[in-house]
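We name chains A, B, ... by the order of the sequence lines, and we start the count at 1 in each one. The basis for the numbers below is simple: all heavy atoms, side chains too, and nothing from hydrogens, waters or symmetry mates.
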2 protein chains.
Amino acid sequence: MTTTTRDKMIAGAADLMSRRGVNATSMRDVVRHTATPRGSISHHFPDGKRQLIAEAVTFAGKQVSIPLEKAMNERGVIGGLRAFVASWRRQLEATGFEAGCPVLAVAVDRYVGEASDRDDETAQQHLLDLADGVFADWRQIMRTALLREGLAAERSERLATLVVASIEGTVAMCRASRSTDALDQVQEELETVLSTALARTAG
Amino acid sequence: MTTTTRDKMIAGAADLMSRRGVNATSMRDVVRHTATPRGSISHHFPDGKRQLIAEAVTFAGKQVSIPLEKAMNERGVIGGLRAFVASWRRQLEATGFEAGCPVLAVAVDRYVGEASDRDDETAQQHLLDLADGVFADWRQIMRTALLREGLAAERSERLATLVVASIEGTVAMCRASRSTDALDQVQEELETVLSTALARTAG
DNA sequence: CCACAAATATGACAGTTGTCATATTCCAGT
DNA sequence: ACTGGAATATGACAACTGTCATATTTGTGG
């Protein structure tokens, strides 16, 4: 495939960003980690590191949202939540609690490129907008599933936000504690909250 | 006071870390931002940047936990939750959604110092342990307050984890969206969850 | 007033970063 | 076979990083 090198760079950047953060991930690290040619960076990403980060964020976003939407459609809200949590647990355990969420990394760890100009400010916001769009995407999937099972619009939106935010926070905390205990606890409470909210609707 | 320079450096480091992340905060940035003498860094922090980060994390931890514990004692669980959320909302709005949580920054954005030796691995874990300790501290305060109002031990622990994790995640999301909407939504749902859990106990 | 340690100033160090310019290789289309 | 553009290789650039060594200042106890 023609785009293999490019895709490997994007996936490798997302992986490294999720482990170390944005600024601790250098382009030389990416080519080392993915065994890709360094000379191709400026060819595949003419706008430099900022473009690579941007593509890594949308890549990571889809990598989560596509199976999430599928699970929601096939297994309902509770099943979808379980799949969502399970995928994060898998990622934590498979990497020895090294990898977290690259989208959260962009939201927390601002990339500081060439300073001075007002390009700086606007380019920063471009990356933040991208991360915000991914979070909004995930929330939207959750919200739609809750709506479909009969929950009110505003309640669905609030619960969707709670689910995404709490799991993002929990994944970061699990990385710090090198344990999935927090994830287990949050999963149980979220299941309880969603179940009772849906039961109240049905009853 | 003798420790004014030192304290200004610690507070400034915590502030910059909460805005840009750990690796995007250089020691030269800290002295620029706090108008402190650069030559004093190695004097006040002989172990270098890692020590400054460590002190900034514990400083930020206490800055949250002390008023949180006070609010929990004076106003109960719901009041304490409201104070907790309000302090984060204040921080977001006062800084134009620039500042987030420096402890989360340490958990997400790994500081990469001098490589090679196994010091690397253990020193990394020292910072992660510190962040984990702060999160555990906040959770403990929440858990104790829930216990005191009659909730079962395991439920208290789970709910405390949910509260801290969801708010940490929400603050990061709000920084990305430059809006407190997510915080409003999460606050409302958390209040509902805690209220019904406590009501079930009392009734 | 003096001495002595704490605090600050200043400059240098090797290493890394993102970016770019220039060469070289690869490979499909004719 | 060959040509033209895509892809890769290689090295260099200035800027920045954390750290350290070496002055110089400051403030306080004698």
Side-chain angles (χ1 to χ4, degrees), chain A residues 1-10 12-13 16-17 19-57 105-106 109-117 119-120 123-124 126-127, chain B residues 1-10 12-13 16-17 19-57 105-106 109-117 119-120 123-124 126-127:
Chain A
M1 202 185 306
T2 318
T3 52
T4 284
T5 291
R6 222 184 98 101
D7 291 347
K8 277 202 284 188
M9 284 179 173
I10 293 173
L16 287 179
M17 283 160 53
R19 295 171 186 264
R20 319 177 186 176
V22 173
N23 287 287
T25 299
S26 73
M27 320 223 63
R28 286 166 164 91
D29 281 339
V30 173
V31 307
R32 255 189 299 264
H33 188 252
T34 58
T36 45
R38 189 184 120 227
S40 303
I41 291 181
S42 50
H43 191 259
H44 291 300
F45 308 95
D47 287 348
K49 185 174 182 178
R50 178 156 277 131
Q51 182 183 359
L52 178 58
I53 298 171
E55 308 228 28
V57 168
V106 169
D109 183 16
R110 292 211 183 172
Y111 170 60
V112 288
E114 62 302 328
S116 65
D117 255 350
D119 297 338
D120 193 34
Q124 300 266 10
H126 174 58
L127 284 182
Chain B
M1 201 185 306
T2 318
T3 53
T4 285
T5 291
R6 223 185 97 101
D7 291 347
K8 278 202 285 188
M9 284 179 173
I10 293 173
L16 287 179
M17 283 160 52
R19 294 172 187 263
R20 319 179 185 173
V22 173
N23 288 288
T25 299
S26 73
M27 321 224 62
R28 285 166 164 91
D29 282 339
V30 172
V31 308
R32 255 190 299 263
H33 188 252
T34 58
T36 45
R38 185 182 125 231
S40 304
I41 291 180
S42 50
H43 191 257
H44 291 299
F45 308 95
D47 287 347
K49 184 174 184 179
R50 179 156 278 131
Q51 182 183 0
L52 178 58
I53 298 171
E55 307 228 28
V57 168
V106 169
D109 183 17
R110 292 210 182 174
Y111 169 60
V112 287
E114 61 307 322
S116 64
D117 255 352
D119 296 339
D120 192 35
Q124 301 266 10
H126 175 57
L127 285 182

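Looking only at side-chain heavy atoms (C-beta outward), Arg38(B) and Ile41(B) come within less than 4.5 Å of each other.
Of the residues near DNA chain C, Gly39(A) and Met27(A), the one whose nearest nucleotide (by heavy atom distance) lies more toward the 5' end is Met27(A).
Distance CZ (Arg6(B)) to P (dT8(C)): 12 Å, rounded to an integer number of Å. Note: CD1 (Ile41(A)) to C1' (dG11(D)) measures 14 Å, nearest angstrom. Rounded to a whole Å, the CZ atom of Arg50(B) is 12 Å from the P atom of dG18(D). Taking atom CG of residue Asn23(B) and atom P of nucleotide dT16(C), one finds them 15 Å apart after rounding to whole Å. dG18(C) atom P lies 12 Å from atom CG of Leu16(A), rounded to whole Å. Rounded to an integer number of Å, the gap from NZ of Lys49(A) to C1' of dT19(C) is 12 Å. If you measure from atom CG of Asp29(A) to atom P of dT16(C), you get 10 Å, rounded to the nearest angstrom. When rounded to the nearest whole Å, the span between NE2 of His44(B) and P of dT8(C) equals 4 Å.
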Check against side chain to side chain contact (heavy atoms under 4.5 Å, CB included), Glu55(B) and Arg6(B): CA-CA 10 Å; Glu55(B) 307 228 28; Arg6(B) 223 185 97 101; 2.7 Å; yes
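Between His43(B) and dC20(D), a side-chain N or O to OP1/OP2 separation shorter than 4.0 Å is absent. An OP1 or OP2 oxygen of dA7(D) is reached within less than 4.0 angstrom by no side-chain nitrogen or oxygen of Thr5(A).
Set against dT8(D), dT8(C), dT19(C), the side chain of Arg28(A) has dT19(C) as its closest nucleotide. When the nucleotides dT17(D), dT8(C), dT17(C) are ranked by their closest atom to the side chain of Ser26(B), dT17(D) comes out on top. Considering only the side chain of Pro37(B), dT8(C) comes nearest among dT8(C), dG18(D), dT8(D).
Nearest approach of Ala24(A) to Asn23(B), heavy atoms of both residues: CB-ND2, 3.5 Å.
Side-chain to base pairing of Arg38(B) with dG18(D): no donor and acceptor N or O lie closer than 3.5 Å to each other.
Of the possible polar contacts, none joining the Asp109(B) side chain to the Val22(A) backbone as a donor-acceptor pair under 3.5 Å is found.
Salt-bridge annotation for Arg32(A) and Asp29(A): present, with a side-chain N of the basic residue lying under 4.0 Å from a carboxylate O of the acidic one.
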